[in-house]
Amino acid sequence: MTETPLIEAKNLSKFFTVSAGLFKEKRILRAVDEVSFTIKEGENVALVGESGCGKSTLGKLLLGLLAPTSGSVLYRGKDIWSISKREFKEFRRKAQIIHQDPYSSINPVRTIFQSMAPAMIQHKIVRNKKEAFERAAELLRLVGLTPPEDFLSRYPSRMSGGQMQRIILARALSVNPEFIVADEAVSMLDACLRIGALDLMLDLQKKIKYSYLFITHDFAIARYFVKKGGGKIMVMYLGKIIEVGEGDSVIQKPIHPYTHALIAAIPVPDPKIARERELPKLKSLDIPRLTEAIPGCKFNTRCPYAEKICEEKIPELREVKDRLVACHFAENFI
């Protein structure tokens with residue numbers, strides 16, 4: 001019997017109507033375009049792509065913060081937009097988010113305790129403020145902020161970036177989630193703090209057991225995340241998932257031409273290697289806008305290997321060797 005995924009996206013799309021061009025014409029922005037994948041219980045999925053490719057929109061769709069234009073989001077096999085209000089409220093408790101900027105995701109005029117307590121009381125995790133304080137203190141110890149009483153009485157302005165990121169993680173865990181979307185969760189931290197923050201997130205996951213969708217534009221961070229925590233990497237381009245692989249196989253041996261171009265562009269510290277390595281000769285360095293309706297494969301306007309079929313037919317995300325790839329000629333790049 002096949003296990004029901006914790007979260008499943010089925011042909012998921014989200015389009016926005018925007019004003020573009022000199023004359024402010026109405027155009028359709030395809031932020032997420034026919035995306036399908038699953039996340040199992042306790043699984044880690046790292047979603048990688050350039051800024052503006054639709055990663056954050058996809059995360060919000062999975063959390064029920066945005067309603068899809070078409071397709072569906074399933075939680076344990078049930079469409080989250082077809083369930084009852086009571087079930088949706090329970091889903092929102094179990095699906096939490098860690099934002100990129102911790103300071104903008106917490107009220108600056110409330111103490112840390114005042115920001116953590118309401119959700120715990122509202123969802124009946126605790127019965128009163130006394131129990132909420134005890135649980136908040138326990139969670140702060142868990143994320144390494146001691147003595148917790150000192151931090152719970154502080155305002156966000158008295159916290160460092162690293163401390164605030166731990167607070168946001170503790171707040172997400174306070175309502176016993178099953179699924180967390182970490183949206184560029186470590187990108188605002190100093191480089192020396194990022195690994196520590198990732199280690200903390202993954203160590204807590206082993207103790208509490210929940211799933212991650214880890215959104216990032218940094219392949220190095222994505223690789224560390226799945227190497228230490230297990231899971232898979234998904235690469236996104238202009239609203240489409242174009243390559244999916246277990247562990248760091250996507251980074252070690254990319255198949256899709258776009259993934260290969262992204263990884264080849266990562267700077268290396270050795271100038272000799274940097275001069276000698278061969279970079280893919282893209283047809284164009286400019287990324288098309290999400291408002292442009294590109295027929296066929298969305299990468300065909302830049303891909304050096306594109307042929308006529310690439311301009312006419314959208315490639316399916318299909319199994320190639322040990323992963324899923326959306327490319328008509330994927331076998332040629334193994």
Side-chain angles (χ1 to χ4, degrees), residues 37 39 43-56 58-59 97-102 143-144 160-162 164-166 168-169 180-206 211-238 240-280 282 285 287 299 302 322-325 333:
F37 64 93
I39 300 176
E43 184 179 28
N44 294 323
V45 177
L47 179 62
V48 189
E50 294 169 285
S51 297
C53 72
K55 304 187 301 295
S56 295
L58 178 56
I97 186 169
I98 301 173
H99 293 280
Q100 177 179 2
D101 182 0
V143 299
S160 70
M164 278 299 295
Q165 204 66 50
R166 289 168 184 253
I168 298 303
L169 178 56
I180 293 179
V181 172
D183 189 1
E184 299 281 7
V186 299
S187 64
M188 288 195 69
L189 298 179
D190 292 340
C192 59
L193 298 176
R194 289 177 189 173
I195 296 301
L198 290 174
D199 287 343
L200 174 63
M201 291 169 66
L202 292 168
D203 289 344
L204 288 173
Q205 184 192 32
K206 291 173 185 173
S211 301
Y212 272 121
L213 176 69
F214 186 81
I215 298 172
T216 180
H217 65 276
D218 189 331
F219 266 106
I221 292 294
R223 183 184 187 189
Y224 184 88
F225 190 79
V226 298
K227 279 200 70 135
K228 177 164 184 180
K232 61 192 177 189
I233 290 178
M234 299 194 307
V235 182
M236 194 171 192
Y237 180 72
L238 294 184
K240 289 273 193 186
I241 301 296
I242 54 101
E243 187 163 359
V244 184
E246 290 293 328
D248 67 342
S249 64
V250 170
I251 296 170
Q252 293 282 23
K253 292 183 179 179
I255 293 178
H256 196 286
Y258 172 69
T259 313
H260 187 269
L262 270 186
I263 293 170
I266 296 172
V268 292
D270 188 325
K272 184 175 184 295
I273 295 174
R275 283 193 299 268
E276 291 177 355
R277 69 177 178 172
E278 188 176 339
L279 298 177
L282 299 180
L285 296 177
I287 304 171
F299 192 55
R302 304 172 70 197
D322 60 346
R323 72 192 71 156
L324 300 173
V325 186
F333 307 117

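For the single chain, residues carry numbers from 1 onward in sequence order.
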- request: Could you pull out the closest heavy-atom pair between G229 and N44, with the gap in Å?
  value: O-ND2, 2.9 Å

- request: For S160, enumerate each residue passing the side-chain contact (heavy atoms from CB on, under 4.5 Å) test, keeping only those at least two apart in sequence or located in another chain.
  value: Q163

Pairwise distance CD(Q205) to OH(Y212) - rounded to 0.5 angstrom: 6.0 Å

- prompt: At their closest point, which heavy atom of R323 faces which heavy atom of P254, and how far apart are they?
  reply: NH1-CA, 3.7 Å

query: What do the steps show when you test E246 against D322 for side-chain contact (heavy atoms from CB on, under 4.5 Å), and what is the final call?
result: CA-CA 8 Å; E246 290 293 328; D322 60 346; over 6 Å; no

- request: Identify the two heavy atoms, one from V226 and one from A46, that lie closest to each other, and give their separation to 0.1 Å.
  value: CG1-CB, 4.0 Å

field: For F214, ring-ring contact (aromatic ring centres under 6.0 Å, His included) partners two or more places apart
entry: F225

- line: For V181 and I215, the nearest pair of non-hydrogen atoms, with its separation, is CG1-CD1, 3.8 Å

query: NZ of K232 to CZ of F37: how many Å apart, nearest 0.5 Å?
result: 8.0 Å

query: Would L200 and R166 count as a side-chain contact (heavy atoms from CB on, under 4.5 Å) if you check the C-alpha gap in whole Å, the side-chain angles of each, and the deciding distance to 0.1 Å?
result: CA-CA 9 Å; L200 174 63; R166 289 168 184 253; 3.7 Å; yes

- request: Run through D218, D248, D199 and flag the one making a side-chain hydrogen bond (donor to acceptor under 3.5 Å, both in side chains) with Y224.
  value: D199

statement: Tested for side chain to side chain contact (heavy atoms under 4.5 Å, CB included) against L47, the lone hit among D183, T216, I241 is I241

- line: Separation between CG (L213) and CE (M234), nearest 0.5 Å, reads 6.0 Å

query: When rounded to the nearest 0.5 angstrom, what distance separates CG in L324 from CD1 in I255?
result: 10.0 Å

- prompt: If you take all heavy atoms of Q100 and S187, which pair is closest and at what distance?
  reply: NE2-OG, 3.2 Å

- request: Step through the shown structure and confirm whether more than 12 heavy atoms of other residues, nucleotides or ligands are within 6.0 Å of NZ on K253.
  value: no

Test item: K55 side-chain N/O and M236 main-chain N/O as donor-acceptor pair under 3.5 Å: no

query: In Å and rounded to the nearest 0.5 Å, what is the CD to OG distance from E184 to S56?
result: 6.5 Å

field: Under 3.5 Å donor-acceptor, Q165 side chain and P102 backbone
entry: no

- request: List the steps and the verdict of side-chain contact (heavy atoms from CB on, under 4.5 Å) for K240 and Y258.
  value: CA-CA 12 Å; K240 289 273 193 186; Y258 172 69; over 6 Å; no

Minimum heavy-atom distance I221-V186, with the two atoms named: CG2-CG2, 4.2 Å

message: Rounded at 0.5 Å granularity, tell me how far CD in E50 sits from CG in L238.
response: 8.0 Å

message: I want to check something: taking the side chain as every heavy atom from C-beta on, are F219 and L262 in contact at a cut-off of under 4.5 Å?
response: yes

